[in-house]
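For ligands, and for the atoms within them, numbers begin at 1 and follow the listed sequence.
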Amino acid sequence: MNLMYHSTRSRSNKVTASQAILQGLSKDGGLYVPDSLPKLDKTIEELSKLSYQELAYEVMKMFFTDFTEDELKLCISKAYDDKFDTKEIAPTVKVGDNYYLELFHGETIAFKDMALSILPHLLITAANKNKIEDEIVILTATSGDTGKAALAGFADVKSTKIIVFYPKNGVSSVQEKQMVTQKGDNTFVIGIEGNFDDAQTGVKEIFNNNDLASKLKEAGYILSSANSINIGRLVPQIVYYIYSYVSLFKSGEIKLGDKINYVVPTGNFGNILAGYYAKSMGLPINKLICASNENKVLYDFFKTGKYDKDRDFVLTSSPSMDILVSSNLERLLYSIGDQEEEGTLDLMNSLNNKGYYEISKDMLSKLDDFYGGWANNSETCKTISEVYKETGYVLDTHTGVAANVYDKYINETKDDTKTIIVSTASPYKFGDNVLKAIYEGEIPSDDYQQAKLLEELSKVNIPLAVAELESAEVRHNAICDKSEMEKSIKNILKIV
Ligand SMILES: *Cc1c(COP(=O)(O)O)cnc(C)c1O
């Protein structure tokens with residue numbers, strides 16, 4: 001029996017996993033969710049004998065039931081190979097008393113690689129399975145890291161084009177360079193005069209534009225998404241929650257049945273939602289600590305039950321979390337709202353029309369799995385500096401937000417449960433702000449000189465992803481207004 005998927009906003013249209021991956025977003029604007037969440041069918045002891053790739057198969061086979069074993073295993077082996085600079089793929093390291101789950105060992109040195117290394121393979125397999133002959137156009141809005149990871153994943157993949165929109169003034173210098181130097185004739189990168197929310201809203205509108213969809217269809221294109229609204233992004237992220245739990249068990253840090261916390265630096269709520277799904281599947285998780293930067297809309301939500309996007313958008317030192325509309329929260333609302341599609345639809349309509357929504361007391365009481373915290377730039381900087389002074393380990397700015405929030409959590413709750421801090425990017429990606437935290441001398445303005453200095457201070461070699469930027473040619477320089485995204489796409493695809 002296949003596990004089917006339906007929209008968070010209506011149950012009328014059921015699709016298979018491969019169809020949900022192909023479509024990205026449901027036609028009604030909702031996000032695809034599985035009809036039921038599978039339960040782990042192996043014990044932690046059994047899981048502890050598996051490699052990352054084998055564990056990935058165990059998880060994905062429960063969700064992507066219309067893929068054959070061979071198909072899934074092939075996707076997994078193509079994704080999690082020596083593109084990662086460590087055999088473990090997602091190592092958990094102990095630094096001082098803390099555990100960090102390092103998710104930045106992939107090609108573009110941010111956690112987006114964990115899912116975007118496999119998404120292109122899942123998508124192509126899904127297209128074959130559904131006898132799609134159209135060319136697939138991947139539309140992606142990025143706050144900095146998804147863009148590069150998706151470009152790297154889809155570059156020169158047959159029968160696909162990828163178009164990435166990023167906020168022109170809202171990403172780090174290394175992030176921007178990584179994107180605008182992307183090779184591949186099927187890759188397109190556009191800076192927009194606007195912020196990430198503008199880019200994401202624009203992409204969602206394009207998905208819901210029926211007129212455009214039929215023009216695209218006529219021209220032989222179908223749209224899909226590499227954002228975490230795509231269920232093909234979310235499921236691969238469940239794997240590393242289980243893998244890291246098992247790692248602590250294997251190294252004797254925890255005993256069978258022990259619960260642990262995770263602190264997750266959060267933006268679009270994709271990463272932490274995968275943790276919630278892992279917990280729902282039976283992984284012994286105590287709290288999921290949601291760490292925000294100054295765009296602390298999620299912190300306020302967990303405190304009050306009111307989600308209010310009507311506030312100033314702040315550019316912070318953790319740009320990949322500069323988000324006011326966290327798309328994947330819709331999937332959580334759906335889960336805690338007793339899976340009532342109409343209820344989710346009402347909340348989302350309220351968000352669109354009034355700029356806010358408020359959940360019921362009953363729903364709020366079901367948010368006990370979460371704890372919300374936030375940190376501003378100077379607090380984050382202070383934490384990065386302290387961790388470096390005490391241990392020599394260098395956190396990137398996003399992980400710095402998480403580590404600061406974890407300190408606050410301990411102070412407030414005195415909870416001594418073992419906790420994993422999810423480390424979402426290499427410090428090399430945000431060299432400027434990381435150096436400000438750990439170096440007292442003058443910081444060079446050139447990215448490469450910054451990387452050299454960081455190498456000296458951190459004793460971690462400059463990753464290839466950064467080293468190769470030094471000589472990379474800029475291949476993309478398009479800029480458009482946030483109102484012109486549809487026009488840009490039509491230009492690229494030569495549609496009138
Ligand atoms: C994308 C990103 C985040 C936020 O993850 P979400 O799944 O959007 O919540 C945090 N840190 C880094 C470095 C990222 O690239």
Side-chain angles (χ1 to χ4, degrees), residues 31 100-116 119 140-152 164 166-167 170-172 174-176 178-179 196-197 199-200 225-231 233-238 240-241 262-278 288-293 295-299 301-302 316-332 370 372 374-375 380 384 395-405 421-431 433-434 465:
L31 276 59
Y100 293 93
L101 167 56
E102 295 186 344
L103 298 179
F104 52 78
H105 289 279
E107 220 178 344
T108 74
I109 61 173
F111 99 93
K112 304 298 194 290
D113 289 324
M114 301 307 299
L116 284 165
L119 185 67
T140 297
T142 183
S143 57
D145 289 329
T146 294
K148 179 61 186 184
L151 287 161
V164 168
Y166 75 96
V171 300
S172 85
V174 170
Q175 285 179 315
E176 181 166 44
Q178 281 188 303
M179 288 189 278
F196 170 74
D197 286 327
Q200 174 156 268
S225 168
N227 281 107
S228 54
I229 49 179
N230 194 320
I231 194 76
R233 271 278 302 274
L234 214 49
V235 172
Q237 294 179 175
I238 297 172
Y240 52 75
Y241 282 93
Y262 285 87
V263 194
V264 189
T266 298
N268 223 2
F269 210 73
N271 196 355
I272 196 166
L273 185 76
Y276 180 71
Y277 280 2
L288 290 159
I289 300 166
C290 175
S292 300
N293 64 23
N295 297 293
K296 59 182 184 59
V297 60
L298 287 165
Y299 165 82
F301 172 69
F302 284 121
T316 72
S317 59
S318 44
S320 304
M321 293 153 65
D322 289 347
I323 294 175
L324 291 178
V325 183
S326 301
S327 288
N328 270 296
L329 196 62
E330 182 168 343
R331 287 189 168 111
L332 177 66
F370 293 90
W374 71 285
T380 303
I384 295 172
L395 306 178
D396 95 282
T397 45
H398 304 73
T399 312
V401 169
N404 180 278
V405 165
I421 296 171
V422 178
S423 179
T424 48
S426 155
Y428 280 98
K429 221 163 175 173
F430 306 94
N433 282 306
V434 168

Just list the N/O pairs, ligand 1 to protein, that are under 3.5 Å apart, with the distance for each.
residue  : atom   : partner : partner atom : Å
ligand 1 : 7 (O)  : Gly270  : N            : 3.1
ligand 1 : 7 (O)  : Asn271  : N            : 2.8
ligand 1 : 8 (O)  : Asn268  : N            : 2.8
ligand 1 : 9 (O)  : Gly267  : N            : 2.8
ligand 1 : 9 (O)  : Asn268  : N            : 3.2
ligand 1 : 9 (O)  : Phe269  : N            : 3.0
ligand 1 : 11 (N) : Thr424  : OG1          : 2.8
ligand 1 : 15 (O) : Lys112  : NZ           : 2.6
ligand 1 : 15 (O) : Asp145  : OD2          : 2.4

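In this structure, a donor-acceptor pair under 3.5 Å is present between the side chains of Asn271 and Tyr240. Between the side chains of Gln178 and Thr108, not a single donor N or O lies within less than 3.5 Å of an accepting N or O.
Across Pro265 and His398, no two heavy atoms sit closer than the pair CB-O, 3.4 Å.
In this structure a side-chain-to-backbone donor-acceptor pair under 3.5 Å is missing from Asn268 to Gly270. Side-chain N or O atoms of Thr399 include one that pairs as donor or acceptor with a backbone N or O of Thr424 at under 3.5 Å.
For the salt bridge (charged side-chain N to carboxylate O under 4.0 Å, His left out) condition, the pairs that include at least one residue of residues 140-151, sequence neighbours left out, are Asp145-Lys429.
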